[in-house]
Each structure stands twice: as structure tokens, then as C-alpha cells.
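This structure is a prediction, so every number in the text was calculated from the model and none was measured.
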Protein chains: 2
Amino acid sequence: MDPTPIYEDADESGSLAQQLYRALETMIIEGQLGPGDRINEKQLADQRGTSRGPVREACRRLEEAGLVEFKVNRGFFVRVLDLSDILEIYDVRAALFSQAGRILARRITMAQIDELQQLQDQMEASIEAEDAEKFYLLNRQFHSRIMRFTGNRHLADIYENLDRELHIWRKRALILDGNVRASAAEHVQIIEEFRNGHPSRLARILRDHSLAGRNRLLRTMPDSIADTENIWDDD
Amino acid sequence: MDPTPIYEDADESGSLAQQLYRALETMIIEGQLGPGDRINEKQLADQRGTSRGPVREACRRLEEAGLVEFKVNRGFFVRVLDLSDILEIYDVRAALFSQAGRILARRITMAQIDELQQLQDQMEASIEAEDAEKFYLLNRQFHSRIMRFTGNRHLADIYENLDRELHIWRKRALILDGNVRASAAEHVQIIEEFRNGHPSRLARILRDHSLAGRNRLLRTMPDSIADTENIWDDD
DNA sequence: TCAGTTTTGATTGTTGACAAACCGCGCGAT
DNA sequence: ATCGCGCGGTTTGTCAACAATCAAAACTGA
């Protein structure tokens, strides 16, 4: 009757290339593969009990996604992001959030606002518990959910791609300091504004939140390149 | 002495996968492969004198780029976009243009403005000559250049990816009517505003231009779904 | 000792082959 | 006539092997 398997095993889905894609993605994200590291096709293939074909297919996807760089006759390397990349991504990210705000002012539901509020509550709890790891996770989810709530899949997908790139960087600077409290305070404001539903105000507030995040990250950097041009001052 | 080949053949660059990627990209964009068509790996491999390995690698990249869809045990299919996809993409596109405006208000150079003006002149000439094909090409270039001028590679890359997706659709509705004149008129305004350099005004004007483009496309559609929700009314 | 060259082991690039899955066709039962 | 079923050709999934290329060690001659 039902030809589909009873349950979906954790990551057995379909082709080996798909599994390897996920495996590599987490290896990069978790840091087992650091920026600049080469991906050894044979070794990885043996490790996972496959041949090199699927490995290369997975790497091609990661290449297009921007997580990995390809050099002819040299192989695939985990992409290294420099400061200018980070700033670029944050600019795009801010633009996407601005747009998300415009869309959501009209279509966000009470249930969705509640979901955000719940995440926010958990975030505040994790601040009290001084659980930086958890706060970071919830924070990512908070933003990701907002993007999904727009119903615009392209928007959400592009955002998550960018977020994944940033993540490789951000996880270094995972400290629980005044920054997270400031961030949490902005969330309160955002949720409040979702209830009001003014498109341009919401666009602006989300844009500013994204920008603030950028500046917070910059401040945690070793020899913080102070006074980077601030593109955001209007008029 | 010089180990590099004397000349770079049209698209010989490096790996077969790279060549095939470009080949497939143009096949899809030129319309030789229509939406929904399956990509026959063996056939394509024989056609280009390679094996299936590189073909699959190229398809994986196209998959991640969104031009192609993959179904397990069925193969790769040229992605079909429905109306909601188009609207989604246009929303994101507008957000990106808005951001481009903010960036360029500060950093666009006179030379760059001149380049845009030249493109604009050529566009007006092609309107007079009733050369729709040429206008369309120049128009894409006009927008693409704006994005590149930002200096933000992520921004420009994401834009061009989206534009490529849209292109598959837009090329159907390639007619030279009042629309192109309206579009050209907006370009004049945009160039004018580049000279002034007000970030928020430029952001708004570029966003509006993108939105207008969306509405123009919608109007050319067969049974134009009138009155689609207009997300753009502020407040 | 050192610069330049050769060798060598490791790694990528590509291929052809085989196994598994799918799709359309025809056949037979109802 | 219609539905179910099996069958064969076609296409995808994966692999192991071979050729091309690279990077670093070993070597050579001053």
C-alpha cells in the first residue's frame, strides 16, 4: 500500500551524495574541517564506505553554495572568509531582513508571534543560566523562523545560506557578555513591532537589528578594525 | 618555457565539469532545454564526448544554483517556475536593489555613472530601432552593472543568480511596447539620482523600479492574475 | 651548504562497467 | 473495455581502475 519506508532514518535519505553533502556541511560547521583545509576525496570516501563519485558530487554542491572552493587539479578546500566577506554578507543580510519586515507586517500570524515570544523567553532564560551555546542556537533559530514566516522560500533559502557562511566565523566569538543582553532587548522591540504591523517601521527595525549584530561581531574581533565605513547612515 | 596553452579556447577552461556547467547553463537559458525537461546523462555525455561523471558534477552545481531539480532514481530536470516563484524572486530582487542604492549613494564614481548613461543611450537607440532583443540584453546589463558597482560580490552574485532564474521566464514575454519606454524613463531618473547621492532616496527609487518591473511582467502574462497582494504599500 | 633538478608517493580527473530502479508495453483475467 | 501484472529496454547509482597532475622528498653538482 504505502511504498515509502516506515521511518526516515536520521540521514539515510536517498543518494549517497545527499548524505555526504550533509555530513560535509556539519563537518565544516562544527569545525572538524577548518577554513583552508583540503577535503581528501579518497580518505573521506573510505571513511564513509563509498567511492569518490558521490563525494565529488557533494563537493560540487558545496562549491556552488559557497562553503567550499575548488582548484583544478588541487581539489576542494573549505572556504576561508576574510573581514570584507563578513561585511558584505551582513549588508545583504540586512537587506533581506528589511524586506522580511515589509512582508511580515501584513502576514504574520498571532501563532507565529507567539512562537517568536517563546524563543525569546528561552533566550532570556539561557542568558540567566549563562548558557552561551544555547543562546546562540536559539538566536539563530529566532532569525531563521522570521525568514520562514515570510512564506518566501527564496528569501529564506538565501538567508540561510548566508547565515551558514557567517556561522563558521561567528562561532569563534561565542561569548556571553553585554552584547547578548542588547540583542535580546532588540528582540523585545521587534516582537512588539510585529504586533503593530507597520511595514516601513518593521523594515527599519529589522534592518537596524541586523546592522547592530554586525557591529557587535566587529567589536569582538581581535584587533577590531575600528570605524569601518558605515553605509547605513541615511541622508 | 610557458607551460600554459597558447590560447584559451572558447570554453576549454579546466575541468570537464566546468565546461558542462556552462554548456548546460546556456542550453537552459537559450531554451534548448525547456522547463520540466529531463537531462539525459548518457546522451549528453556522448554528445560532448565525455563520461557521465563530469555531467553529474555539473548538474549538482546547477541543482544548488536552483536551475535544475533532482529526483532520486529519476535524474535531473530543468526547474519549472510558477507565478509564486516569480513573485518571490522579484521581492528579493527589490530588496537587493534597495541595498545597492544605499551602498552606491556613497561610492559610485563618475566613470561608473557614465557607463550607465552609455548603456541607457544604447537602450534608447534600440527602442527607436524597435530592436527588442537588444533592448532586453542592454537592460539586463544595466542592472547587472549597478550590482557589480556596489563592490559587494555576494550581493552581485546573488542578484545574478536570481536574474538567471527569472530570465528563463522573462524571455517569453519579450515585447517592445509601452513598457520599455516606461522602464527607460525610470532609468533616466535613476541615473539622475545617482548624481545626487541620497542613500535613502536612491534605495527607494531602485526598489520602486524593481517593483515596477515586476508589475510590468505580470501585465504581460496570459490571464494576468490581477490584484496580487501588493506588499509594497508602506504604512 | 645550497640552488636546481629528478624521483616518487599521493591525489585528483576521467572513464567504462555493472547493479538497481524505473517506465512503458503487452498480455490475460474479469 | 479496463485493470493488474510481469517483462524488457532504458536510465540512474555506484564503483574500481587507470591516466594525469601535483607537492615534497631525495639527489646532484657546484
Distance below 4.0 Å between [X] side-chain N/O and [N] OP1 or OP2:
X	N	value
R56(B)	dG13(D)	yes
R52(B)	dA17(C)	no
N40(B)	dT11(D)	yes

Could you check how far [atom1] of [X] sits from [atom2] of [N], rounded to whole Å?
X	N	atom1	atom2	value
F70(B)	dC22(C)	CZ	C1'	13 Å
L16(A)	dA21(C)	CG	C1'	15 Å
K42(A)	dG13(C)	NZ	P	15 Å
E57(A)	dG13(C)	CD	P	14 Å
R74(A)	dA10(C)	CZ	P	17 Å
E69(B)	dT12(D)	CD	P	15 Å
D37(B)	dT11(D)	CG	C1'	16 Å
D46(B)	dT11(D)	CG	P	11 Å

Pair F97(A), H209(A) - check ring pair (Phe, Tyr, Trp, His ring centres under 6.0 Å), show working. CA-CA 9 Å; F97(A) 266 114; H209(A) 177 57; 7.2 Å; no
Verify whether one side chain among Q99(B) and Y159(B) offers a donor that lies under 3.5 Å from an acceptor in the other.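 No.
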Side chains of R38(A) and Q43(A): donor-acceptor distance under 3.5 Å anywhere?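 Their side chains do not contain a donor-acceptor pair, so the 3.5 Å distance test is not met.
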Choosing from dT15(C), dA23(D), dT12(C), which nucleotide comes nearest the side chain of R38(A)?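 Among dT15(C), dA23(D), dT12(C), the one nearest the side chain of R38(A) is dT12(C).
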Measuring from the side chain of S51(B) (C-beta onward, heavy atoms only), which nucleotide among dG16(C), dT14(D), dC22(C) has the closest atom?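 Within the option list, the nearest is dG16(C).
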Given that V72(A) and G53(A) both sit by DNA chain D, which one's nearest nucleotide is further toward the 5' end?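 Mapping each residue to its closest nucleotide by heavy atoms, the 5'-most match is G53(A).
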If each of E41(B) and N73(A) is mapped to the nucleotide of DNA chain D with the nearest heavy atom, which maps nearer the 5' terminus, i.e. the 5' end?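 The 5'-side residue here is E41(B).
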R79(A) and salt bridge (Lys or Arg N to Asp or Glu O under 4.0 Å): which single residue from E64(A), E63(A), E165(A) fits?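 Checked E64(A), E63(A), E165(A) against R79(A); only one passes salt bridge (Lys or Arg N to Asp or Glu O under 4.0 Å): E165(A).
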Applying a 4.0 Å non-hydrogen cut-off, can you work out what L44(B) is touching in the nucleic acid: base, sugar-phosphate, or nothing?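 The residue L44(B) makes no contact with any strand.
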Base, sugar-phosphate alone, or nothing: which one does F76(A) contact when heavy atoms must sit under 4.0 Å apart?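 Nothing: the residue F76(A), judged by heavy atoms under 4.0 Å, touches no strand.
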Measuring from atom CD1 of I158(A) to atom CG of D163(A), what distance do you get when rounded to the nearest 0.5 angstrom?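 The CD1 atom of I158(A) sits 13.5 Å away from the CG atom of D163(A).
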